There are 2 protein chains.
Amino acid sequence: MKNVVSDCSIESIMRVLSGRWPTLLLYYLKDGTKRFNELRRDNPTVSHRMLALELRKLEAAGIISRIDHDGYPRRVDYGLTEAGRRLVPLIDALGNWWEEVEAERGAAPPLSQVA
Amino acid sequence: MKNVVSDCSIESIMRVLSGRWPTLLLYYLKDGTKRFNELRRDNPTVSHRMLALELRKLEAAGIISRIDHDGYPRRVDYGLTEAGRRLVPLIDALGNWWEEVEAERGAAPPLSQVA
DNA sequence: CCGTATCCAAAGTGATACTG
DNA sequence: CAGTATCACTTTGGATACGG
């Protein structure tokens with residue numbers, strides 16, 4: 001395990017993961033595939049346009065898979081790729097880290113830091 | 001360890017970590033404190049204005065510490081808080097995950113996926 | 001149902017100049 | 001040196017409409 005922040009791979013990751021939707025989509029897809037409009041319902045505040053854009057970005061990054069069952073009416077299933085599934089626990093770790101930070105923020109500061 | 005993506009704590013994290021600079025600053029500060037203009041030199045493409053804004057955002061989030069040695073000329077040292085130091089390995093994990101993904105992208109796909 | 005293009009408002013960002 | 005304010009410009013994102 002190298003320290004990878006050093007190479008600027010971290011920059012390309014953040015280009016993909018930055019923003020409000022990528023991590024949320026990860027969450028909504030972690031238990032199986034969903035259709036486009038199911039994802040919209042899970043997330044009432046995302047616009048049609050943004051959902052499409054974000055899905056394509058994540059697909060291009062290899063995180064999300066897309067299966068188009070040609071037919072009419074059209075049906076497309078989105079899911080996580082293997083890489084996407086490996087990403088979920090890392091995002092979870094961030095969530096746990098943040099909860100700790102907030103707990104500490106709420107807790108009384110150590111005596112040494114009280115003026 | 002809960003699945004924290006579920007509560008929307010992940011949304012507030014990403015509000016802080018999203019974008020080009022937060023993770024890079026994390027990297028440049030991981031080995032000790034730096035002054036404002038040192039950070040600018042580390043990162044020649046960040047503007048004066050953006051660096052100031054990002055530093056304040058990260059400070060407010062409890063990730064970065066700021067020590068102002070009142071004097072003239074002014075001197076301010078930025079560093080990671082305890083919370084910030086605990087964050088570094090999580091970002092590193094993302095970096096490692098991404099490198100794997102890219103390696104797989106480069107590698108020949110499994111036979112089952114070849115048309 | 002899913003996807004894309006267009007149009008327009010809003011947020012983000014850099015350059016610059018100024019202060020303590 | 002570090003920080004803030006202003007302004008012009010660029011980018012982003014929602015609404016909408018239309019196509020397959």
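Just so it is clear, the structure is predicted and the values come from calculations on it, not from any experiment. Quick note on labels: first sequence line is chain A, next is B, and so on, each numbered from 1. Note: hydrogens, waters and symmetry copies are ignored here, and every other heavy atom, side chains too, is used.
If you walk DNA chain C from 5' to 3' and mark each nucleotide with an atom closer than 4.0 Å to a heavy atom of chain A, the marks span C/dC1 to C/dT6.
Annotation: proximity of residues 68-81 of chain B to DNA chain D (heavy atom, distance under 4.0 Å) is found for B/P73, B/R74, B/V76, B/Y78, numbered in ascending order. Taken residue by residue, residues 33-40 of chain B places heavy atoms nearer than 4.0 Å to DNA chain D at B/R35, B/F36, B/N37.
Rounded to 10 degrees, the angle between the two end axes of the helix from C/dC1-D/dG20 to C/dG20-D/dC1 is 40°, with five pairs used at each end.
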N/O to N/O distances under 3.5 Å, protein versus nucleotides 11-13 of chain D:
unit_1 : atom_1 : unit_2 : atom_2 : d
D/dG13 : N7     : A/R49  : NH1    : 3.2
D/dG13 : N7     : A/R49  : NH2    : 3.0

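The distance from the CG atom of B/L29 to the CD1 atom of B/I63 is 11.0 Å, given to the nearest 0.5 Å. Rounding to the nearest 0.5 Å places CG of B/D77 at 11.5 Å from NZ of B/K34.
B/S12 contributes a side-chain N or O that, together with a main-chain N or O of B/S9, makes up a donor-acceptor pair within less than 3.5 Å. Looking at A/T33, its side chain never comes within 3.5 Å of a backbone N or O of A/G79 through a donor-acceptor pair. The backbone N or O of B/L55 lies less than 3.5 Å from no partner atom in the side chain of B/Y78, so there is not a single donor-acceptor pair. Side-chain atoms of A/R85 come within 3.5 Å of backbone atoms of A/L80 as a donor-acceptor pair (strictly under, hydrogens ignored). A/W98 contributes no side-chain N or O that, together with a main-chain N or O of B/M14, makes up a donor-acceptor pair within less than 3.5 Å.
The residue B/R20 sits apart from the nucleic acid: no heavy atom pair falls under 4.0 Å. If you check every strand for non-hydrogen atoms under 4.0 Å, A/R66 touches sugar and phosphate atoms only.
Note that B/R56 lies outside the cation-pi zone of B/W21, set by a 6.0 Å cut-off to the ring centre and a 45° limit from the axis.
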Verdict with supporting geometry, B/E38 and B/R41, salt bridge (Lys or Arg N to Asp or Glu O under 4.0 Å): CA-CA 5 Å; B/E38 288 184 282; B/R41 277 188 292 274; 5.4 Å; no
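Atom CG in B/L51 sits about 10 Å away from atom P in D/dA2, given to the nearest Å.
Under the rule for a side-chain contact (heavy atoms from CB on, under 4.5 Å), the partners of B/S47 that lie at least two apart in sequence or sit in another chain are B/R49, B/M50.
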